[in-house]
Amino acid sequence: MSDVSLSEQEQIRRQSLEELRKLGIDPYPAAEYKTNAFAQDILDNFIPEKNNYPDVCLAGRIMGRRIMGNASFAELMDSSGRIQIYVRRDEICPGEDKTMYNTVFKRLLDIGDIIGVKGFVFRTKMGETTIHVKEFTILSKSVRPLPVVKEKDGTYFDAVRDPEMRYRQRYIDLIVNPHVRDVFRKRSLIIQSMREFFNSKGYLEVETPILQPIPGGAAARPFITHHNTLDIPLYLRIADELYLKRLIVGGFEGVYEFAKDFRNEGMDRTHNPEFTVMEIYIAYKDYQWMMEFTEEIIKKVALDLHGKTEILYEGKTINLNPPYKRITMLDAIKEYTGLDISTMNENELRSACDRLGIPHTPSMGKGKLIDNIFGEKCQDHFIQPTFITDYPVETSPLTKMHRSKEGLTERFELMINGKELANAYSELNDPIDQMDRFREQLKLSEKGDDEAMAIDHDFVRALEYGMPPASGMGIGIDRLTMLMTDQPSIQDVLLFPQMKPENPKQGAGSRKEEFLECGIPEEWIDPLKNMGFNTCSKLKEAKAGKLFNDMCSYNKKNKLGLTNPNPEDVKKWIG
RNA sequence: CGGCCCGUAGCUCAGCUGGCAGAGCACGUGACUCUUAAUCAUGGGGUCGAGGGUUCGAUUCCCUCCGGGCCGACCA
C-alpha cells in the first residue's frame, strides 16, 4: 500500500521500515542505550600505540556512507562531532546468516538514521581515527531524506544555506551545519558567564510577570492578550524594569532577570518580536559605577568565550578591553554635526533637523528630535565600545535628573559597532518627579506618540514608600550574542526566529464529506486531490471523458490497485 | 509600507530571444573487504511556489497573490 503523496525516497524508506519489522528489528526501540564515549573525545585522545579505546560504545546519526561490498565505512555524528566507523560483513555476521550486513546495514539503513555501535578504535591506512564496529543497533529510523552535505578539506559541498529552510526547520540546520550548534552553545555560555558574575556578587536572580496589566518600562507597542477568568486585557511585557525596581524597594540589594520581552513592531536584521534582555538593578549605585560594572561584564564574557578581549565582527576588529570611551550625547552631536544644540528649544531643533536633512514629525518632542539627530548622524561612528551619556529628560522618563546638567538625565547607552548594546541609568526614585514624568508621557501620547508610557500608579506608590538610590542596566542578549559570535542577523542567534506561517503545500481543499456527497468513492478522494482536484467545484469543471481517462492512467501509473471508476459514474459526479 | 532579487527532483543549482524539463549529490539495482566529496555500471524520480492572462504552444513574457532575502521607511 503506497501513498502517492510521498516522494519516491520516502516510500522506499517506509518500505525499509516494514522490512526491518518483518526481520524482528524494532526501528524505534524503547530501551536506554548506554554509551561510554563521544566522537570528539576519541578523536582528541586516541593513541594507536596504547590502544586506549579497546571497547567503545557510542550513538549518533549516519551522515554518510561508503559501501565497498563486504566492508563499509560510514560517518557517525553525535553531539560532539563526527567520527568514521568501519563495518565488515564477517564480523557483523560471524555465522552463515549475513542478513545483518547485506540486508540491514547495506540496504535498510540510510543517511539520517540513528544507530548505536560497539567496537574498538583504530587508525586506517589513510590515517583516520575510526571505530571498528563489532555490533550495531538501530535506535531510530529516519523516513525523510536529509540534505546531504559533503565536506573535503574544510570546503562544504551543497551546504544548506537557504535561510527559509534554516530558520523554519532549525533541526535540519543544526544537523547539517555543525557551526550553527556552536553558535547556540556560545549563546548559552554568554548567559552562564553573566549569571556566574552576578551570583558571585550576591545579586539575586528573579522572575517577574510576563503578562502585565500595564506594559511599562520602555517605549514600545505591546502585544495584547486577554485573560478569560478575570475578563481583562493583559499585555506581554515590553520590559521588566518597573517590577525589578519594586524589588529594590522591597529591600533586595541587587536583582537581575534574563527576560523574554515582546514588542509589536517591525522585524529586520536586528529586531525579532520576542527577544531576550538581561536587566539588573543594584541599590546605592549610580550610572558612573554602572559603566565600570558594564565594562567588567563585557570583558568577562569575551574572556570566557574567546580567551581574549579582541573580537572580529563582520571583518572589523573590536577591542572590548576597558576602559571604554565616554562621550556625552551633546558632545557627540557637536562632534559629528558641528552644532551645539544644548541651548536650542523645540523649534530651533526642528530647523536644525531640516538643515541636516533629518525627517521629523509634529508628534516628536524635543527629546525625540535630539535622539533622531544622534541616531542619524552619530550612532554609526561608534564602532569601538563607547558610552554615550547624559540623555535629554524627554526620552528618559524613568531616569534621575542629572546632578549638575539642566534638562539632562543620568543615563548611558553602550554603543558597539554602531548599535546600542546596553542602556542604563541612575534610577529615578523621587516619586513626585516620577509622577510628573508619567504625566509628560501622557501628553506625548495625546500628541500622537503611540509608544509613550502609560502611568503605572502602583509603581509610583512603591516609590512613595522610598526606593534607595539605585542604578539599573539592560543588555540585549541577542545583540550581544550576534557580536560575540560574529553573526550578521538576529535570526542566526535565535533558535526559532519568528516567521510568517508556512503555506500548506496544497491548500486545504474541500473536505472529505463534500467529495463523498458528490458520490465519489472514499478511496479516490486523496488520489483526486493529488491530481490537482482540490475542491469539488474544480472537479465539476472537468470534462467527464478526460477525467475518466486520467483517473485510470493515474491508477495504473502509480500502481494504486484501486477499482477504476466507470464512465457513467464519472458523468454523474460532475452532474 | 516602498525598491531590487529569489522560489525548478530529497539537497545544491543550470535551463539563452517562448518549442519534448537538465546536471551533480542523494535514492533503486548490480560489482567491489582500509574507503573518505570512495569508485564503476545501470535505472527511477518533477503540480517548474499558487492562480489568472497573452500564445498554436509558457519553467521562460505579463498581472495578482503566497513565502523568503537584501536595501530603505517605520521602529530600538
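FYI, side chains are in, hydrogens and waters are out, and symmetry mates aren't considered; it's all heavy atoms of this structure.
When the side-chain nitrogen and oxygen atoms of A:R66 are compared with OP1 and OP2 of B:A38, one or more of them lie within a distance under 4.0 Å. Of the side-chain N and O atoms in A:K150, one or more sit less than 4.0 angstrom from OP1 or OP2 of B:A26.
Put simply, the side chain of A:R237 gets close to the backbone of A:T208: a donor and an acceptor are under 3.5 Å apart. Put simply, the side chain of A:T155 never gets that close to the backbone of A:E151: no donor and acceptor are under 3.5 Å apart. Here the side chain of A:D268 pairs a donor or acceptor atom with the backbone of A:H271 at under 3.5 angstrom.
Between A:Q498 atom CD and B:G68 atom C1' there is a gap of 15 Å when expressed in whole angstrom units. Distance A:E164 CD to B:C11 P: 12 Å, rounded to the nearest Å. Atom CD in A:Q11 sits about 16 Å away from atom P in B:G44, given to the nearest Å. A:Y167 places its OH atom 12 Å from the C1' atom of B:C70, with the value rounded to the nearest Å. In this structure, A:D492 atom CG and B:C70 atom C1' are separated by 14 Å, rounded to whole Å. Computed from coordinates, the A:M63 CE to B:C25 P distance equals 18 Å when rounded to whole Å. For the pair A:K152 NZ and B:C25 C1', the computed distance is 16 Å after rounding to whole Å. Rounded to whole Å, the distance from CD on A:E274 to P on B:C75 is 23 Å.
Among the atoms of the strands shown, only primed sugar atoms or phosphate atoms (P, OP1, OP2) are found under 4.0 Å from some heavy atom of A:D162. At a threshold of 4.0 angstrom between heavy atoms, the contacts of A:F275 with the nucleic acid are absent. Nucleic acid contact class of A:E420 (heavy atoms, under 4.0 Å, all strands): base. When heavy atoms are screened at a 4.0 angstrom cut-off, A:A218 is found touching no nucleic acid atom at all. Contact annotation for A:R263: backbone-only contact, meaning every heavy-atom pair under 4.0 Å involves sugar-phosphate atoms and none involves a base. Within 4.0 Å (heavy atoms only), A:Q491 reaches sugar-phosphate atoms of the nucleic acid but no base atom. Backbone-only engagement by A:E265 is indicated by non-hydrogen atom pairs under 4.0 Å involving sugar-phosphate atoms exclusively. Contacts of A:Q84 with the nucleic acid, taken as non-hydrogen atoms under 4.0 Å apart, include base atoms.
Heavy-atom contacts from other residues, nucleotides or ligands closer than 6.0 Å to CZ of A:R161 number 12 or fewer. Within a 6.0 Å sphere centred on CZ of A:R144, heavy atoms belonging to other residues, nucleotides or ligands number 12 at most.
Using cut-offs of 30° and 60° on the angle between ring planes, the pair A:F105 and A:Y101 is parallel. A:Y336 and A:F382 have perpendicular rings, their planes meeting at more than 60° on a 0 to 90° scale where under 30° would count as parallel. Classification of the A:F387-A:F412 ring pair by plane angle, with boundaries at 30° and 60°, yields perpendicular.
If you check distances only, the side chain of A:R88 does reach the base of B:U33 with a donor-acceptor pair under 3.5 Å.
Remark: A:R411 is positioned above the aromatic ring of A:Y391, its terminal NZ or CZ atom under 6.0 angstrom from the ring centre and at most 45 degrees off the axis.
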Report, one pair per line, the protein and nucleotides 71-73 of chain B atoms (nitrogen or oxygen only) whose separation is under 3.5 Å.
none

Pull out every protein N or O sitting under 3.5 Å from an N or O of nucleotides 28-32 of chain B, one pair per line with the distance.
unit_1	atom_1	unit_2	atom_2	d
B:C32	N1	A:M68	O	2.9
B:C32	O2	A:M68	O	3.2
B:C32	N3	A:M68	O	3.2
B:C32	N3	A:G69	N	3.2
B:C32	N4	A:G69	N	3.3

*Start with the C-alpha gap between A:E91 and A:K134, add the side-chain angles, then the distance that decides, and say whether salt bridge (charged side-chain N to carboxylate O under 4.0 Å, His left out) holds.*
CA-CA 6 Å; A:E91 273 176 274; A:K134 291 179 162 167; over 6 Å; no
*After noting the C-alpha distance and the side-chain angles of A:R123 and A:E128, does the key distance pass the salt bridge (charged side-chain N to carboxylate O under 4.0 Å, His left out) rule?*
CA-CA 5 Å; A:R123 192 159 281 175; A:E128 180 155 352; over 6 Å; no
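Residues A:D371 and A:K500 both approach RNA chain B. Their nearest nucleotides, taken by heavy-atom distance, put A:K500 toward the 5′ side. Checking A:E413 against A:E151, the closest nucleotide of RNA chain B that is more toward the 5' end is the one next to A:E151.
Taking the P atoms as reference points, B:G49 lies 15 Å from B:A58, given to the whole Å. Between the P atoms of B:C4 and B:U47, the separation comes to 31 Å (whole Å). B:G28 and B:G69 are spaced 37 Å apart, taking the C1' atom of each and rounding to whole Å. Remark: the separation of the P atoms in B:A23 and B:A37 is 24 Å, to the nearest Å. Separating the C1' atom of B:C27 from that of B:G44 is a span of 9 Å, rounded to the nearest Å. Between B:C70 and B:C34, the distance separating the two C1' atoms is 48 Å to the nearest Å. Straight-line distance between the C1' atoms of B:C61 and B:C48: roughly 16 Å, to the nearest whole Å. Straight-line distance between the P atoms of B:U55 and B:G18: roughly 15 Å, to the nearest whole Å.
In RNA chain B, stems built from 3 or more consecutive Watson-Crick or G-U wobble pairs, each with both distances under 3.5 Å, span B:1-7 with B:66-72, B:10-13 with B:22-25, B:27-31 with B:39-43, B:49-53 with B:61-65.
For A:F122, the listed nucleotide lying nearest its side chain is B:C34; candidates were B:U33, B:C34, B:C13. Nearest nucleotide to the side chain of A:I111, out of B:C34, B:A26, B:G68: B:A26. Of all nucleotides listed (B:U36, B:C11, B:G68), B:C11 comes nearest to the side chain of A:M165. Among B:U33, B:G24, B:A76, the nucleotide with an atom closest to any side-chain atom of A:Y86 is B:U33. Side chain of A:E128, nearest nucleotide from B:U35, B:G24, B:A76: B:U35.
The existence of a salt bridge linking A:R107 and A:E19 is confirmed by a sub-4.0 Å separation between a basic side-chain nitrogen and an acidic carboxylate oxygen.
A donor-acceptor contact under 3.5 angstrom links the side chains of A:S142 and A:R13, judged on distance only. Between the side chains of A:S489 and A:R269, no donor N or O sits under 3.5 Å from an acceptor N or O.
With a 4.5 Å cut-off on side-chain heavy atoms, A:I115 and A:R61 do not count as touching.
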